[in-house]
There are 2 protein chains.
Amino acid sequence: MRPSKRDELVQKALTIFYREGFHAAGMDLLSAETGISKTTMFKHFRTKEELILAVLRLRDEQFRNWLFRRMEQLGPTPRDRMLAMFDALREWFQTPEYRSCMFIKASGEYPQRDHPIHALSAEHKRLLHRQITELAREAGAVEPEVLARALLLLKEGAIVTAHIGHEVDPAGDARAMAEVLIDKALEKH
Amino acid sequence: MRPSKRDELVQKALTIFYREGFHAAGMDLLSAETGISKTTMFKHFRTKEELILAVLRLRDEQFRNWLFRRMEQLGPTPRDRMLAMFDALREWFQTPEYRSCMFIKASGEYPQRDHPIHALSAEHKRLLHRQITELAREAGAVEPEVLARALLLLKEGAIVTAHIGHEVDPAGDARAMAEVLIDKALEKH
DNA sequence: CATTAAATGAACAGATCTGTTCACAATGCA
DNA sequence: TGCATTGTGAACAGATCTGTTCATTTAATG
């Protein structure tokens, strides 16, 4: 078995939690759908919460890897890469299995800020901010942290709007807004 | 009893669902915390889902009333009122009971778009868009619908960012971004 | 092949979930 | 006062929840 049973479980649990929600997906459903026995699941994780935390750690890694890889592919310059974030997001939104951001949903279902699951979601957002800040700095922004916060705020807005599904192209809207704000942030004075 | 038992239940259930989440708050907890017997709850609502839908209808009304009233109080001109949306949001974010947008959380816990709870969340966002579009038109925007989409995207982004709690002043960030975008949307050509 | 480690299935515990039943109490109104 | 409506409490049903137990089977390793 190349991928360990544990890794296989975490990856499959990710898919199910993402599709169904954390409270809605019970351990019996996970067992039935992953084909991994409950006994094994509880041997690897003492509680459901520990499994969820492992799922979120995997998601953090996979999502940031995917996003920045895609941004690099789509944009030659740092400025282009910032804008390409919204092209990457649009691709994500258009997949049939799209169901919002896993961390937004996690913090929604575990709304207390000191809950480990909520705290991990905050950490994910902080890591994103760090990476986008670096990109904004490369692009020559005077206040790269401010620009990064702006771009990420657009990202969260687009993610939520795309999921609720009442608008046609939130990624496109966010991209157009980003263009204006990036131009302003890179202006020579 | 001036407010009917039904209304009292819906209002109190709103508070509890908002604080705990929809799946996390069971009917027994609701009964214990509202002081209304389970028998009565199920006499007024055949299922938990029907109660949740009533809660969301009340929230839709109360939230839009609060927001637009506050925007009118804080802003003398249509342009000011658009910006005042973010001042109102900041006030909301600073309350200790703030726990994100009830409709974002509802669509997160009921992620399928054809689910009545998800559909009602989408309707709430559509009504908001209609009202902000009208305001953008009054302000003289050439494309009021586009500006309204932009402002609401900022709103959703700020709401989510404020709840996850990794940033200091998402409402202020969104306000500054809105100012740039409003200026651009109201430019004479 | 033999030994060890990992995974399985199925039953079980006890709590909690949604929703029901029913005898009784409180309330509103004539 | 008398009657109808509304609400109550507590027990109950049956499903599902997280987590455990254990005898057995499968897989990896020497």
Side-chain angles (χ1 to χ4, degrees), chain A residues 1-58 105-106 108-112 115-118 120, chain B residues 1-58 105-106 108-112 115-118 120:
Chain A
M1 205 160 305
R2 261 319 252 315
S4 77
K5 213 74 185 173
R6 198 196 119 108
D7 294 348
E8 186 195 340
L9 168 59
V10 175
Q11 178 62 63
K12 288 183 173 171
L14 193 161
T15 304
I16 298 167
F17 281 134
Y18 183 62
R19 170 163 39 86
E20 306 288 335
F22 297 99
H23 284 88
M27 297 301 272
D28 285 296
L29 176 77
L30 288 177
S31 174
E33 241 183 273
T34 60
I36 296 169
S37 71
K38 238 169 33 146
T39 318
T40 301
M41 301 176 66
F42 279 105
K43 202 155 285 173
H44 286 294
F45 301 95
R46 279 165 50 218
T47 62
K48 183 184 180 181
E49 184 180 312
E50 279 190 19
L51 172 59
I52 293 176
L53 288 170
V55 162
L56 291 178
R57 279 188 277 267
L58 177 64
K105 303 207 298 182
E109 288 201 48
Y110 301 90
Q112 295 139 294
H115 193 291
I117 292 175
H118 194 114
L120 193 52
Chain B
M1 207 161 300
R2 259 322 249 314
S4 77
K5 212 76 184 172
R6 199 196 117 110
D7 293 348
E8 186 195 339
L9 168 59
V10 175
Q11 179 62 63
K12 288 183 172 171
L14 193 160
T15 304
I16 298 167
F17 280 134
Y18 182 62
R19 169 164 39 87
E20 306 288 334
F22 298 98
H23 284 88
M27 297 300 272
D28 285 297
L29 176 77
L30 288 177
S31 174
E33 242 185 271
T34 60
I36 297 169
S37 70
K38 236 166 39 143
T39 319
T40 301
M41 301 176 67
F42 279 106
K43 202 155 284 173
H44 285 295
F45 301 97
R46 279 166 51 220
T47 62
K48 183 184 181 181
E49 183 180 313
E50 280 190 19
L51 172 59
I52 293 176
L53 289 170
V55 162
L56 291 179
R57 278 188 278 267
L58 177 64
K105 303 207 299 182
E109 289 202 46
Y110 301 89
Q112 295 140 297
H115 193 292
I117 292 176
H118 194 114
L120 193 52

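Chain letters run A, B, ... following the sequence lines, proteins first and then strands; every chain starts at 1.
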Atom [atom1] of [X] to atom [atom2] of [N]: distance rounded to whole Å?
| X | N | atom1 | atom2 | result |
| --- | --- | --- | --- | --- |
| B/D7 | D/dG7 | CG | P | 11 Å |
| B/M41 | C/dT20 | CE | C1' | 14 Å |
| B/K48 | D/dT16 | NZ | C1' | 13 Å |
| B/R46 | C/dT21 | CZ | C1' | 18 Å |
| A/L30 | C/dT8 | CG | P | 14 Å |
| B/R6 | D/dT5 | CZ | C1' | 17 Å |
| A/F42 | C/dC12 | CZ | C1' | 14 Å |
| B/K43 | C/dG19 | NZ | P | 16 Å |

Self-check item: Close side-chain approach of A/H115 to A/E49, heavy-atom, < 4.5 Å
Solution: yes
Practice problem: Flag the pair A/L9 / A/L51 as yes when at least one side-chain heavy-atom distance between them is below 4.5 Å, and no otherwise. | Solution: yes
Is the base of [N] touched by the side chain of [X] through a donor-acceptor pair closer than 3.5 angstrom?
| X | N | result |
| --- | --- | --- |
| A/T40 | C/dA6 | no |
| A/T39 | C/dG9 | yes |
| B/K38 | D/dG9 | no |

Quiz item: Which is it for A/E33 and A/K12 under the side-chain contact (heavy atoms from CB on, under 4.5 Å) test, yes or no, and what are the steps along the way?
Solution: CA-CA 8 Å; A/E33 241 183 273; A/K12 288 183 173 171; over 6 Å; no
Practice problem: Would you mind classifying the nucleic acid contact of A/H44 as base, sugar-phosphate or nothing, using non-hydrogen atoms under 4.0 angstrom? | Solution: sugar-phosphate
Quiz item: Would you say a side-chain N or O of B/K5 is under 4.0 Å from OP1 or OP2 of D/dT6?
Solution: no
Quiz item: For DNA chain C, whose closest nucleotide is more 5', that of B/E49 or that of A/G35?
Solution: A/G35
Exercise. State which of D/dG7, C/dG19, C/dT8 makes the closest approach to the side chain of A/S37.
Key: C/dT8
Exercise. For A/D28 and for B/I36, find the nucleotide of DNA chain D with the closest heavy atom, then tell me which residue's nucleotide is more 5'.
Key: B/I36
Practice problem: Give a yes or no answer on whether the side chain of A/K105 reaches the backbone of A/F17 with a donor-acceptor pair at less than 3.5 Å. | Solution: no
Quiz item: When you measure from the side chain of B/K48 to the backbone N and O of B/F22, does any donor-acceptor pair fall under 3.5 Å?
Solution: yes
